[in-house]
Amino acid sequence: MLSIYNTLTRTKEEFKPINPPNVKMYVCGPTVYDYFHIGNARSFIMADIIRRYLEFKGYEVKYIMNLTDVDDRIIKKSISEKRDAKLVADDYSKAFFEDIQKLKIKPADVYPKATNHIEEIIDIIKKLEEKGFAYNIDGNVFYNVNKFPEYGKLSGKKIDELESGARIEINEEKKDPLDFALWKKAKVGEPYWESPWGKGRPGWHIECSAMSCKHLGETFDIHAGGNDLIFPHHENEIAQSEAATGKKFVNYWVHFGFLNINNEKMSKSLGNFFTARDILKIYSAEAVRLAFAQTHYAGPLNFSDELLASAEKGLEKLKNLAEKIEEEIKINRVDGIIPQLEFEKYKTNFEAAMDEDFNSPQACAVIFDFIRDVNRAIAENENINIKFYLSVKEFLRKTAEGVLGILDFSKASTQNDGALENDLIELLIKLRHDAKLEKNYALSDRIRNELKNIGIELQDSKSGTTYKKIKIKNVNILPPGEE
RNA sequence: GGCGCUGUAGCCAAGUGGCUCAAGGCGAAGGUCUGCAAAACCUUUAUUCGUCGGUUCGAAUCCGACCGGCGCCUCCA
């Protein structure tokens, strides 16, 4: 039984989809005004793991991630870069797709863009206006929060307390300082669309109401996003959608904890800002994913070189085993023994962990336990039947590869990519072998060391010598932490 | 001020009443294997869970107080 912590109720609840086995899930995507940063990456990756796990459980997931492609920040960027806002959005949209692919994030079923849904947005605003939830002041349309009695139910805020806070910007035009824009009147030079209220563009929150409704319906199962979106963004989405449809908007709200650098929020002004793109120049996507999966999605995560380096090391174990499995499957030994391993137990434990509000750290622990036990069986037995390796592969395919995305079996076989390179390395291995027979260890060690220097690591075993590619670098991206 | 998250070994991090008087990863120490390595395996590495009280047969886990870190309350994931 899967349970999920629901921000709306502040409790862990049993997950009951509206229409099983279908699950409808919406995740707030990027505003495409820049490369996304490693904090965004955490949200995207954890949402991806949740989606993959739902699929592992047999659900048919319809997964939607929006792109906000019209917004103040995009306009600002277009002014500073002196080019059309649409070009800015297109460029960074393209970069977004490149980056999520590198991060091994499964594509959404649809990536709706705000600018392709202007009609739907206008329709909702019209409906809100008709129902008395919205008012137009000179081409700016605002949502009147006082008309929605449940306003604040997601974030636990109360309208009067918010109003007493000093941090709310007072806009003379609004009836209430908390009212937010549904439609913004276009200023000179800004992108605009025609609407019943004149030329303008949608407010930020309304696009998610419009696009989720179009692609998932008026009520859907899961809505996820970063912690900071709880208020005001998701609160406002609820107010808009539920006022317009009269129905419950979302059953389960999932929010991701923040990623900090040196225990501080990442921000450009603090100079501790890293794009996912930059991180991926140094660390593998799998290491990033493992590092994130080893912390529960809802808690804070302190990002550091040490964290990623340690994940990269942990990943080695997994990759080494995967390579071993692929070799053995090629050898295809149909006799030999089949070590007894309780595969069902690991699967049960993995599922039990993930069922408990997507406890991926626990799930990782199950996988590492599994790796250790498999390696032990391999160390204790010779001549193992291929059936054993096939079972091991099956488990890792479903869990490490399928759910966590920290393994790629299609890359686990290094021996056969590039025939020439392979042949040359095999030749050197033979020469080294001959040197060893002559006890010319100076030469054999030199061959091994020099190969290692160019990124090829040799490993001797009873059955012969194998090699694998290793990374040579050791670069720090983060400034050293203060002591 | 309001709402929320958080304090577990050298570092990261699960566990939220008894099977766990504490998973897993990294690091460290010793060992097996090896010509030496590497990989892999084995052993060791928190009598203790921010502090102090309380509830209970029993608490890291519940309650209270205190100390500390962080976030949101501003179109930041």
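Chain identifiers are assigned alphabetically (A, B, ...) following the order of the sequence lines, protein sequences preceding nucleic acid strands; residue numbering begins at 1 within each chain.
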request  = Measure from the side-chain heavy atoms of A/Gln362 and tell me the nearest of B/A23, B/C42, B/A13.
outcome  = B/A23

Pairing nucleotide - B/U16, Watson-Crick or G-U, each distance under 3.5 Å = none

inquiry  = At less than 4.0 Å, is any side-chain N or O atom of A/Asn227 found next to OP1 or OP2 of B/C72? Yes or no.
reply    = no

ask   = Does OH belonging to A/Tyr192 count more than 12 external heavy atoms closer than 6.0 Å?
value = no

task = Tell me which nucleotide among B/A14, B/A77, B/U74 gets nearest to the side chain of A/Phe231.
result = B/U74

key: Nearest-Å distance once atom P is located in both B/A22 and B/G27   = 24 Å

key: Gap between atoms CG and P, on A/Asn359 and B/U16 respectively (whole Å)   = 9 Å

request  = Among the candidates B/C36, B/A14, B/G24, find the nucleotide nearest to the side-chain atoms of A/Pro361.
outcome  = B/A14

remark   = Of B/C36, B/A77, B/G24, the nucleotide closest to the side chain of A/Arg73 is B/A77

Pairing partner (Watson-Crick or G-U wobble, both distances under 3.5 angstrom) of B/C3 = B/G71

message = Does a side-chain N or O of A/Asn40 approach OP1 or OP2 of B/C76 to a distance below 4.0 Å, or not?
response = no

query = So what does A/Gly225 hit on the nucleic acid, given a heavy-atom distance under 4.0 Å: a base, only sugar-phosphate, or nothing?
reply = sugar-phosphate

task = Give one of base, sugar-phosphate or nothing for A/Arg432, where a contact means two heavy atoms less than 4.0 Å apart.
result = base

ask   = Would you say the side-chain atoms of A/Asp305 and A/Tyr283 include a donor-acceptor pair closer than 3.5 Å?
value = yes

note = Checking B/A77, B/C11, B/A40 against the side chain of A/Glu306 (C-beta onward), the nearest is B/C11

task = Consider the side chain of A/Met266, meaning its heavy atoms from C-beta on, and name the nucleotide among B/A77, B/A23, B/G35 that approaches it most closely.
result = B/A77

query = Can you check the A/Lys158 NZ to B/C73 C1' distance for me, whole Å?
reply = 13 Å

request  = Determine the contact category for A/Asp71: base if any of its heavy atoms lies under 4.0 Å from a base atom, sugar-phosphate if only primed atoms, P, OP1 or OP2 are that close, otherwise nothing.
outcome  = base

ask   = In whole Å, what separates the C1' atom of B/G10 from that of B/C5?
value = 26 Å

First of A/Ala309 and A/Ala298 reached from the 5' end of RNA chain B, by closest nucleotide = A/Ala298

inquiry  = As a test of reading the structure: which of B/G24, B/C72, B/C5 is closest to the side chain of A/Phe368, going by heavy atoms?
reply    = B/G24

task = With the side chain of A/Lys265 defined as its heavy atoms from C-beta on, choose the nearest nucleotide among B/A14, B/G71, B/C73.
result = B/G71

key: Proximity to the side chain of A/Ala365 - top-ranked nucleotide from B/C12, B/A14, B/A23   = B/A23

OP1 or OP2 of B/G25 under 4.0 Å from side-chain N/O of A/Arg372 = no

ask   = B/G35, B/G15, B/A38: which one has an atom nearest the side-chain heavy atoms of A/Glu457?
value = B/A38

query = Does A/Arg376 put a side-chain nitrogen or oxygen below 4.0 Å from OP1 or OP2 of B/A40?
reply = no

